[in-house]
Amino acid sequence: ETVERARLVYHPLGRAAGLAFRVLRALPKLNELYQFGLDAFMAIYDGTLAAHALPSAEMDGTVDDAGNTAATADGAAADAVARVDTLSVSLLRRVCDRVRMGMLNQHHLPVAVALAAVRAEAAGVAPTSLAL
């Protein structure tokens with residue numbers, strides 16, 4: 001039950017990561033020099049997680065943001081959902097920033113739009129086509 005709840009909470013982050021990687025894999029359609037492999041993506045993903053790492057006491061669930069030692073289940077679930085949203089937005093921003101560094105200016109907008117569509121789809125707002 002706990003694993004299933006965690007899977008449901010973190011599903012939007014996993015979906016955003018998968019769709020963002022799909023956008024990266026499609027970049028050679030814009031220019032054959034835009035090659036981003038799994039290693040490059042995982043470096044961005046790991047950097048995002050590291051930048052938003054929780055202190056070990058919070059990971060144990062022993063201390064909440066206010067320093068309290070016991071959190072309600074609803075409060076913990078809301079915190080987890082907010083954390084996943086923050087991680088998803090940060091991941092997509094980092095992907096966009098990393099990709100834009102080596103791109104021609106005319107390709108910035110199509111990539112930004114594709115990543116915005118990823119954000120919407122991962123959040124369940126609207127289905128999209130991620131074709132570049």
Side-chain angles (χ1 to χ4, degrees):
E1 184 181 318
T2 303
V3 172
E4 181 63 20
R5 277 186 293 182
R7 186 189 70 74
L8 290 173
V9 168
Y10 283 92
H11 183 264
L13 176 60
R15 182 135 175 83
L19 293 169
F21 183 68
R22 209 167 108 198
V23 168
L24 290 179
R25 298 299 292 170
L27 288 178
K29 292 178 182 177
L30 291 175
N31 187 312
E32 63 186 33
L33 296 177
Y34 302 157
Q35 301 286 330
F36 291 90
L38 183 58
D39 290 343
F41 178 76
M42 288 307 298
I44 296 168
Y45 185 83
D46 290 343
T48 300
L49 294 179
H52 296 280
L54 293 174
S56 61
E58 286 184 45
M59 288 174 62
D60 295 346
T62 57
V63 178
D64 64 12
D65 290 338
N68 300 320
T69 55
T72 66
D74 291 339
D79 289 346
V81 169
R83 175 172 164 70
V84 167
D85 189 57
T86 299
L87 285 168
S88 297
V89 169
S90 180
L91 173 65
L92 295 174
R93 282 185 180 155
R94 287 169 178 259
V95 167
C96 190
D97 290 346
R98 171 62 182 90
V99 168
R100 286 180 36 190
M101 286 192 297
M103 295 185 103
L104 297 170
N105 285 339
Q106 68 220 37
H107 295 147
H108 289 192
L109 184 60
V111 171
V113 168
L115 290 172
V118 165
R119 170 76 176 118
E121 187 169 334
V125 175
T128 63
S129 170
L130 299 177
L132 290 177

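Atoms considered below: every heavy atom in the structure, side chains included; atoms not considered: hydrogens, waters and symmetry mates. Keep in mind the model is a prediction, meaning the values are calculated, not measured.
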Quick one: are [X] and [Y] in side-chain contact, heavy atoms under 4.5 Å?
X: Asp85; Y: Arg119; answer: yes
X: Phe21; Y: Val95; answer: no
X: Thr2; Y: Arg5; answer: yes
X: Val23; Y: Val99; answer: no

Could you report the tightest heavy-atom contact between [X] and [Y], atom names first, then the distance?
X: Leu13; Y: Ser88; value: CA-OG, 3.5 Å
X: Tyr45; Y: Ala17; value: CE1-CB, 3.9 Å
X: Arg25; Y: Gly37; value: NH1-CA, 4.1 Å
X: Tyr10; Y: Arg83; value: OH-NE, 3.9 Å

How long is the gap from [atom1] on [X] to [atom2] on [Y], to the nearest 0.5 Å?
X: Gln106; Y: Leu30; atom1: CD; atom2: CG; value: 9.0 Å
X: Leu49; Y: Ile44; atom1: CG; atom2: CD1; value: 12.0 Å
X: Thr48; Y: Met42; atom1: OG1; atom2: CE; value: 10.0 Å
X: Met101; Y: Cys96; atom1: CE; atom2: SG; value: 11.0 Å
X: Leu38; Y: Leu24; atom1: CG; atom2: CG; value: 10.0 Å
X: Met103; Y: Arg100; atom1: CE; atom2: CZ; value: 10.0 Å

query: Any side-chain donor paired with an acceptor under 3.5 Å for Thr86 and His52?
result: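 Result is no, nothing qualifies.
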Who else is in Leu109's hydrophobic cluster (ILVMFWY, side-chain heavy atoms under 4.5 Å, direct or via others)?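 Joined to Leu109, directly or through intermediates: Val113.
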Residue pairs meeting ring-ring contact (aromatic ring centres under 6.0 Å, His included), one or both in residues 87-114, sequence neighbours left out, come to Tyr34-His107
Across all chains, not counting sequence neighbours, the salt bridge (Lys or Arg N to Asp or Glu O under 4.0 Å) partners of Glu32 are none
| query | Under 6.0 Å from the CZ atom of Arg98, do we count more than 12 heavy atoms belonging to anything else shown? | reply |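 No.
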Is there a path of hydrophobic side-chain contacts, each under 4.5 Å between heavy atoms of I, L, V, M, F, W or Y residues, that connects Val89 with Val118? no
Hey, any chance Leu19 and Val9 share a hydrophobic cluster, counting ILVMFWY side chains that come within less than 4.5 Å of each other, even indirectly?
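The answer is yes; both residues are in one hydrophobic cluster.
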